[in-house]
Amino acid sequence: PRGGEGRNDAPCGAASLRGVFVRPRPFGDGEQAMADDLEETIRETDFVLLHVSHMKETHHLVGETQLALMKKAAFLINTSRGGIVDEAALFGRKEKSIAGAALDVFEKEPPPADLPFFELENVMAAPHMAAMTDPALVNMAVDVSRGILEAGGQEARVSGQPRGAG
């Protein structure tokens with residue numbers, strides 16, 4: 001199979017939103033294949049959410065061509081990795097095509113203080129730090145420790161709850 005695809009229709013207030021996702025195949029024989037209909041997907045979708053790894057096949061996955069295909073009322077949301085969106089192309093289309101964008105990753109990390117996106121009203125720029133909460137950090141440490149123990153042939157035993165867990 002060439003990657004995964006899914007569709008979901010969900011009510012949102014008075015409107016119905018249709019979401020479509022396309023992703024590269026994450027594992028297998030080492031070949032990374034993009035689904036064939038990325039441009040059709042971008043053309044049809046109200047919210048384009050990017051969740052892909054940054055590699056040569058996905059560098060500037062969304063550029064001038066894809067931005068031009070998006071609906072004028074569509075939003076682009078990149079929370080995956082910097083370099084997936086061609087920032088120069090997005091900034092160049094700031095008033096020409098899409099309704100807005102939300103970015104928490106940038107081609108240069110940390111982003112420079114004078115990044116042009118910070119001045120745009122239809123772009124939300126935020127630091128990529130969802131995993132920086134205390135519970136997330138504890139869970140990451142526990143997962144790494146488990147992996148090390150299991151790789152060494154030992155049983156991983158964890159007691160207690162991570163900080164912040166209910």
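The figures that follow rest on heavy atoms only: side chains count, while hydrogens, waters and symmetry mates do not.
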Quiz item: Going through the distances and angles, do M70 and L76 end up as a side-chain contact (heavy atoms from CB on, under 4.5 Å)?
Solution: CA-CA 9 Å; M70 288 178 67; L76 175 67; 4.0 Å; yes
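- Between T79 and L50, the closest side-chain pair of non-hydrogen atoms is not below 4.5 Å.
- Distance check: I42 CD1 to L61 CG gives 6.5 Å after rounding to the nearest 0.5 Å.
- In terms of modelled atom types and a separation under 3.5 Å, the side chain of T58 and the main chain of I84 share no donor-acceptor contact.
- To the nearest 0.5 Å, the span separating CZ on F91 from CG on D86 amounts to 13.0 Å.
- With Q66 contributing its side chain and G63 its backbone, the two residues share a donor-acceptor pair below 3.5 Å.
- Residues H51 and S80 come closest through the heavy atom pair CA-CB, 3.6 Å.
- Residues F106 and P112 are not in side-chain contact: their nearest non-hydrogen atoms beyond the backbone lie 4.5 Å or more apart.
- Atom-to-atom distance recorded for I148:CD1 and R146:CZ is 12.5 Å, nearest 0.5 angstrom.
- Between A99 and F75, the shortest heavy-atom distance links the atoms CB-CZ, 3.6 Å.
- The two residues A125 and F118 come nearest to each other via the heavy atoms CB-CE2, 3.4 Å.
- Side-chain contact between L90 and V62 is absent, with no heavy atoms from C-beta onward closer than 4.5 Å.
- With hydrogens and angles disregarded, a donor-acceptor distance shorter than 3.5 Å links the side chain of E87 to the backbone of E107.
- Between the side chains of D143 and S145, no donor-acceptor pair is found at a separation under 3.5 Å.
- Between I77 and F47 the shortest side-chain heavy-atom distance falls below 4.5 Å.
- Put simply, CZ on R81 and CG on D104 are 9.5 Å apart, with the number rounded to the nearest 0.5 Å.
- In plain terms, the two heavy atoms of E64 and A89 that are nearest each other are N-CB, 3.6 Å.
- Contact of the T65 side chain with the E39 side chain is registered, since non-hydrogen atoms from C-beta on lie closer than 4.5 Å.
- Here the side chain of K71 pairs no donor or acceptor atom with the backbone of R43 at under 3.5 angstrom.
- Under a hydrophobic-cluster definition in which Ile, Leu, Val, Met, Phe, Trp and Tyr are linked whenever side-chain heavy atoms come within less than 4.5 Å, directly or via other members, V85 and V105 are assigned to different clusters.
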